[in-house]
Structures are given as C-alpha cells and as structure tokens.
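Single-structure report; data block below.
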Amino acid sequence: MAYWLMKSEPEEMSIDDAMDESAVPWFGVRNYQARNFMRDQMRIGDGVLFYHSSCAEPGIAGIAEVASTAYPDHTQFDSKSHYFDPKSTPEIPRWMMVDVKALRKTTLLSLTEMRNSPELSTMLVLQKGSRLSITPVTPQEWHAVLALLDK
DNA sequence: GCCAACGTTGGC
DNA sequence: GCCAACGTTGGC
C-alpha cells in the first residue's frame with residue numbers, strides 16, 4: 001500500500017465537497033508525471049492526503065483513499081470543457097484519472113505548519129519549486145502527518 | 001497582481 | 001537534440 005498527496009483547489013473541489021460524495025473522479029490532471037503516478041502506481045486503498053492549493057489557507061484538509069484504478073478522464077474529449085485536449089482521442093486517450101473517496105475532514109494542517117515541522121521536511125510538496133499536483137508520500141511522512149493532525 | 005520555478009511546444 | 005518562448009502553477 002502506498003501513500004499520496006493530491007492537490008485540489010477548494011473552489012473547484014474542497015474536502016467538504018468530496019465528503020458529500022461516496023467518491024469523486026479526480027479529473028483535470030494534465031501533467032504526465034502526475035498521470036503516470038495514477039496510471040502506473042495507484043492501487044485501490046492507497047492513502048491520500050487531501051491538500052487545498054491556490055487558496056487563502058493552503059494545507060492538508062483531510063484524509064482520503066484511492067477508490068479505483070486509473071481510467072480515461074472524459075473531460076479531455078469534451079470540447080466545451082476547460083480540460084479539453086484536441087490531441088487526445090478515445091482510441092488513444094492521453095489523460096487518466098482515478099476515483100478518490102474522502103474519509104474524513106481534519107483540522108487544517110497549514111502549509112506554514114508543514115514547513116515548520118522538521119519531520120515533514122522531506123515531503124516532495126515542500127521542496128523548492130515543486131508544482132506537481134500528485135506526489136508520493138513515504139510511510140514515515142504519512143504517519144508524521146497523521147500524528148500532527150491528531151494533536 | 002506579482003513572479004519564481006517548472007513544463008511544454010515548436011523552430012531549427 | 002537544443003533551447004527560446006510561452007503557458008501554468010501556486011504561494012505570497
């Protein structure tokens with residue numbers, strides 16, 4: 001079992017939105033590295049840190065789990081969608097997504113708190129210049145985050 | 001709104 | 001394959 005951090009803009013989909021659904025399709029990823037993580041490595045039951053980005057209070061807002069293996073992101077074929085990709089075809093889809101099931105909303109572990117926690121300093125999301133919307137999390141980092149969330 | 005950092009595109 | 005130009009991310 002693996003662990004991941006997945007960014008979502010709360011204005012697009014917040015932890016509250018995700019908690020209202022049994023699972024949510026993680027559409028809109030348009031970065032090859034992030035896609036490859038979903039397509040090649042994610043398994044049902046993997047742990048997910050649900051991170052709010054591009055907002056007033058960025059940080060980890062909840063715990064979730066991977067609820068499906070990867071399948072084609074339908075928004076790439078929708079010419080009216082913001083995520084439309086004219087170079088992708090249903091025969092050879094370029095972009096994939098997984099379903100994510102939110103398990104619980106937590107008190108926010110803010111980006112500032114994360115940066116101030118030495119045990120989290122190795123997290124990829126905290127590295128200078130890191131922009132990946134999906135990053136692997138080590139078991140040590142996962143447990144350190146859970147310990148901070150339970151404080 | 002600014003801007004650093006990164007990813008992608010496309011001409012050569 | 002190189003790399004300049006451009007677009008995007010995302011914190012501040």
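When reading the values below, keep in mind they use all heavy atoms of this one structure, side chains included, and skip hydrogens, waters and symmetry mates.
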Run the ring-centre check on W26(A) versus F50(A) and record whether the distance is less than 6.0 Å.
yes

Treating Q76(A) as the side-chain partner and W95(A) as the backbone partner, does any N or O pair qualify as donor plus acceptor under 3.5 Å?
yes

Which residues share a salt bridge (Lys or Arg N to Asp or Glu O under 4.0 Å) with R30(A), sequence neighbours left out:
D73(A)

Using only atom types and a distance under 3.5 Å, with no angle test, would you say the side chain of E12(A) pairs donor to acceptor with the backbone of E9(A)?
no

Listed pairs, N/O of protein and of nucleotides 5-11 of chain C, under 3.5 Å:
from    : atom 1 : to      : atom 2 : distance (Å)
dT8(C)  : O2     : R131(A) : NH1    : 2.4
dT9(C)  : O3'    : R131(A) : O      : 3.4
dG10(C) : OP1    : K7(A)   : NZ     : 2.7
dG10(C) : OP1    : R131(A) : O      : 2.6
dG11(C) : OP1    : Y51(A)  : OH     : 2.9
dG11(C) : OP2    : S54(A)  : N      : 2.9

Could you measure the distance from the CD atom of E141(A) to the OG atom of S121(A)? Nearest 0.5 Å is fine.
8.5 Å

